[in-house]
Amino acid sequence: TFSVAPSILNHPCATSFTYEWRHQETNWTSTGTTYSPNLLLGPNTISLYIYFNGGSCYKETIYL
């Protein structure tokens, strides 16, 4: 399970953020502060996008 970092959740604007997770290999998306993907054998690429008022303001990519 992946979680949004506490430092982001404690940001003054965090209540206006939308958190979107993407698993690149399956093109599966999920929203929320945590994400429990069904990982594939081999490489997995998970990206966390954070949107503020509909505009993307942050992206973090995790390679497994």
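Numbering of residues begins at 1 and proceeds along the displayed sequence. These numbers come from a predicted model, not from an experiment.
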Taking Asn44's backbone N and O only, do any of them form a donor-acceptor pair with Gln24's side chain (distance below 3.5 Å, no angle check)? no
Roughly how far, to the nearest 0.5 Å, is CD of Glu20 from NZ of Lys59? 11.0 Å
Joint cluster assignment, Leu39 & Leu48, ILVMFWY side-chain distance < 4.5 Å: yes
Nearest-0.5 Å distance that lies between atom CD in Glu25 and atom CG in Leu41: 12.0 Å
Let me check something: any side-chain donor-acceptor pairs from residues 7-18 under 3.5 Å, sequence neighbours excluded? List them with distances.
from, atom 1, to, atom 2, distance (Å)
Asn10, ND2, Pro6, O, 3.1
His11, ND1, Cys13, N, 2.9

Measuring from atom OG of Ser47 to atom OH of Tyr63, what distance do you get when rounded to the nearest 0.5 angstrom? 6.5 Å
Could you tell me which residues satisfy side chain to side chain contact (heavy atoms under 4.5 Å, CB included) with Glu60, sequence neighbours excluded, listed by chain and number? Tyr58, Ile62
Return a table of donor-acceptor pairs under 3.5 angstrom between the side chains of residues 27-38 and protein atoms on other chains or two or more places apart.
from, atom 1, to, atom 2, distance (Å)
Ser36, OG, Thr1, OG1, 2.7

Under a 4.5 Å side-chain heavy-atom rule over Ile, Leu, Val, Met, Phe, Trp and Tyr, are Trp21 and Phe52 clustered together? yes
